[in-house]
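Residue numbering restarts at 1 for every chain, and letters A, B, ... go by the order of the sequence lines.
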Amino acid sequence: MQLKSKDLLGIRELDGEEIELILDTAESFREISTRAVKKVPTLRGRTIVSLFLEPSTRTRVSFELAGKRLSADVVNISARASAVAKGECLKDTAKTIEAMNADLVVMRHSAAGAPHFLAKLIECGVINAGDGAHEHPTQALLDLFTIKERLGKIEGLQVVVIGDIAHSRVARSNILALTKLGARVTVVGPPTLIPMGIGEMGCEVSYDLDTVLGQADVVYALRIQLERQTETLFPSLREYAALFGLNEERAGRLKKNALIMHPGPMNRGIEITAEVADLPQSVVTDQVANGVAVRMAILYLLIGGGEGA
Amino acid sequence: MPDVLIRGGRVINPANKTDAVLDVLVEDGKVKMVKKDISVKSADVIDASGLIVCPGLIDMHVHLREPGREDEETIASGTRAAVKGGFTAVACMPNTDPVVDNASVIELILERAQNEGVAHVLPVGAITKGLKGEELSEMGELIRVGAVAFSDDGNSVMNAEVMRRALEYSVMLDALIIVHAEDMNLSGRGQMNEGFYSTLLGLKGVPVAAEEIMIARDMILAEMIEARVHITHVSTAGSVRLIRQAKERGVRVTCEATPHHLVLTEALLESYDTNYKVNPPLRTEVDVLALREGLKEGTIDAIASDHAPHALHEKEREFDYAPFGIVGLETTLPLMLTELVESGELSYTQLIEKLSCNPARILGLEAGSLSVGSPANVTVFDPKVKVKVDVSSFESKSRNSPLSGWELIGMAKYVLVDGKLVLRDGRVA
């Protein structure tokens with residue numbers, strides 16, 4: 001079985017079978033990263049352009065490691081050190097990449113839909129590594145991988161996603177991915193951070209963390225961006241932490257095996273306290289480790305083409 | 001200029017309730033005779049059998065981009081696009097560079113229109129200097145040199161006190177204020193209608209309240225001051241309701257909707273195609289139905305394109321960075337014939353009222369009629385011909401239409417501007 005598209009633009013474009021395929025493939029790649037020599041020749045001779053037009057550390061590094069462990073040549077283009085900083089438009093950047101015969105472009109952009117725009121301009125595949133408040137499909141896939149690894153399944157789980165749903169691509173991709181595999185998702189936050197019509201994406205909405213905490217198999221805290229306070233989306237970080245922060249008292253009321261997740265980077269003391277972040281149920285570092293395996297799987301499925309492996 | 005005889009067309013002149021197969025004779029730039037079987041010795045004869053002959057269409061909301069962005073449109077190209085689309089007159093909005101807030105810019109526009117234009121150009125002056133919403137422009141002076149109305153289109157007059165004074169001042173001049181209704185705090189950096197689709201697509205939303213709050217405010221001000229206002233590009237069901245209620249109370253308000261808001265919905269933005277990016281944004285099916293209902297019952301007086309040309313390189317960008325706007329001069333008539341008349345929602349007469357008689361009345365023009373003695377601004381269109389929208393054949397300099405490739409029914413065949421044949425068999429003279 002293969003993925004249906006040359007691109008991975010969002011979870012929305014994937015069906016449940018494709019998601020399962022990526023997770024299963026990632027399982028077989030995970031072991032490579034534990035070897036002394038962390039490299040296989042699968043993508044030797046392939047060129048991956050990593051086009052990060054918005055700052056990112058973990059996603060960019062994760063993709064770069066994934067590519068390198070598969071022996072692909074990975075070239076980084078970042079906004080500040082490129083023609084983009086000189087005002088080049090995305091269309092011309094795309095033409096340039098095309099002319100260099102890249103096999104795949106991994107793109108991070110602050111504008112929603114930018115990877116879709118790019119994918120229409122170039123022949124080679126495009127992976128969306130996060131576009132504005134739209135989607136971050138590889139993050140959702142590594143989150144699912146982590147949940148499945150710890151809890152053995154996705155179907156039937158109750159997942160609570162807490163925080164700034166309105167501005168979160170992680171929330172959108174996770175809602176779509178989790179519900180496609182049969183989990184039930186509840187988003188929790190102040191109404192100012194819950195976007196209009198989110199329920200139509202297939203999740204429940206709550207404004208009261210404490211009433212939904214007890215049933216959760218997974219609690220997923222989102223990063224709160226500090227500038228939202230000045231946009232009058234909530235009165236203070238103190239009040240946000242009091243109403244929606246994951247603290248020890250709340251963690252104590254979770255089911256025994258419930259997982260605590262966060263996409264990083266964490267604001268310790270705001271959406272999650274330092275103590276909770278370091279609890280054994282917290283799988284934040286597993287998420288990071290699994291990110292490499294999941295991205296290796298995606299690169300392989302998109303440009304592996306049955307050669308090598 | 002030779003006399004023109006338009007022979008055997010179905011003449012629809014809502015001004016005197018004519019709807020019959022008649023001949024129209026145009027002499028010295030005026031309608032000379034409208035009756036059966038006119039015979040003349042020498043005239044330019046147009047065979048209009050099977051075609052509809054009506055008063056020249058008037059698009060009361062366009063952007064001609066001159067002065068300032070002549071790469072996107074000029075008065076020459078914009079009026080050619082107008083004529084191609086069946087319009088004999090266009091009202092052009094003042095958000096040019098420089099802004100139409102002083103007499104010299106109006107004089108420039110009218111001079112260019114005189115020398116290079118093929119349709120009538122009716123300049124709309126700015127309500128406030130620089131469209132900044134702070135100080136009133138010299139409305140008296142602007143009217144003296146030819147402004148037909150005032151608007152800060154593109155911007156809202158956010159300060160209610162400034163709007164109050166503008167409306168008061170307009171009463172003295174019997175001037176029309178055209179309201180672009182948008183609470184710019186609520187719309188913020190919004191890219192599309194706020195709702196399920198903006199959430200799904202991760203694009204910042206513009207709530208319907210951004211438009212409706214300003215309409216409500218300006219209805220209250222217009223009622224208090226007894227001023228005349230026209231709401232441009234109405235896009236929501238709530239706006240239609242507010243305007244209907246205001247009309248029932250006797251507020252002196254008129255309004256218009258655009259073809260795209262009458263046909264397209266926000267769901268089309270799933271493609272992230274920036275040709276759907278427009279302000280106000282495309283709304284929901286419910287809003288489209290309410291606009292059509294408003295049009296039928298007469299709450300919505302007119303249809304205007306909000307023709308907004310943009311350079312290709314500016315539209316071919318990330319959605320967040322692309323400018324708002326759709327070109328419409330060359331697709332309005334066919335789209336409305338297809339969507340409103342072919343579907344049975346409006347009669348030909350009603351459509352002609354929305355595109356000619358009512359804009360003329362709202363702007364106070366001696367137009368919108370084919371009665372004997374009127375200036376010979378005449379549109380002749382084929383109501384049944386099938387056309388495929390081909391943006392590369394546009395007379396407009398810009399191509400930002402979401403209708404590329406659409407199969408439509410109907411198109412303009414002949415247009416006379418003050419008796420001069422400027423569109424002949426679908427080609428601009």
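- If you measure heavy-atom distances from B:Glu314 to chain A, you find no contacts under 4.5 Å at all.
- Between B:Gly202 and A:Ala112, the shortest heavy-atom distance links the atoms O-CB, 3.5 Å.
- B:Thr199 contributes no side-chain N or O that, together with a main-chain N or O of A:Ile198, makes up a donor-acceptor pair within less than 3.5 Å.
- Neither the backbone nor the side chain of A:Ser168 has a heavy atom closer than 4.5 Å to any heavy atom of chain B.
- For residues 197-208 of chain A, no residue pair satisfies the side-chain hydrogen bond (donor to acceptor under 3.5 Å, both in side chains) rule, not counting sequence neighbours.
- The shortest non-hydrogen separation linking B:Leu200 to A:Arg172 is O-CD, 4.3 Å.
- The distance from atom CZ of B:Arg317 to atom CZ of A:Phe117, rounded to the nearest 0.5 Å, is 8.0 Å.
- Within 6.0 Å of CZ on B:Arg241 lie no more than 12 heavy atoms contributed by other residues, nucleotides or ligands.
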Next on the checklist: As a quick check of understanding, evaluate ring pair (Phe, Tyr, Trp, His ring centres under 6.0 Å) for B:Tyr272 and A:His134, giving each step before the final call.
Outcome noted: CA-CA 11 Å; B:Tyr272 290 101; A:His134 178 225; 5.4 Å; yes

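- The choice from A:Gly132, A:Gly197, A:Gly199 that makes the most heavy-atom pairs within less than 4.5 Å of chain B is A:Gly197.
- Counting heavy atoms of neighbouring residues, nucleotides and ligands inside a 6.0 Å radius, atom NZ of B:Lys388 does not exceed 12 of them.
- One distance of note links CG of B:Asp320 with NE2 of A:His109; it measures 8.5 Å at 0.5 Å rounding.
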Next on the checklist: Please evaluate residues B:Phe319 and A:His116 with respect to the criterion side chain to side chain contact (heavy atoms under 4.5 Å, CB included), reporting the C-alpha separation (whole Å), side-chain torsions for both, the decisive distance (0.1 Å), and the verdict.
Outcome noted: CA-CA 10 Å; B:Phe319 202 90; A:His116 305 66; over 6 Å; no

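- Environment of CD in A:Glu123: sparse, with no more than 12 heavy atoms of neighbouring residues, nucleotides or ligands closer than 6.0 Å.
- Contact of A:His167 with chain B is not made at all, since no heavy-atom distance falls under 4.5 Å.
- At a 4.5 Å heavy-atom cutoff, the contact between B:Tyr321 and chain A is made by side-chain atoms alone.
- Ion pairing of B:Glu270 with A:Arg12 is present here, as a side-chain N (NZ or NE/NH1/NH2) and a carboxylate O approach within less than 4.0 Å.
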Checklist entry - B:Glu318 and A:Lys91: salt bridge (Lys or Arg N to Asp or Glu O under 4.0 Å), yes or no, with the steps? => result CA-CA 9 Å; B:Glu318 295 88 330; A:Lys91 188 177 178 183; over 6 Å; no

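- Listed by sequence position, the residues of residues 274-290 of chain B in contact with chain A number zero, using a 4.5 angstrom heavy-atom cutoff.
- Interatomic distance, A:Leu90 CG to B:Glu316 CD, rounded to the nearest 0.5 Å: 10.5 Å.
- Heavy atoms of A:Arg169 lying under 4.5 Å from chain B are absent altogether.
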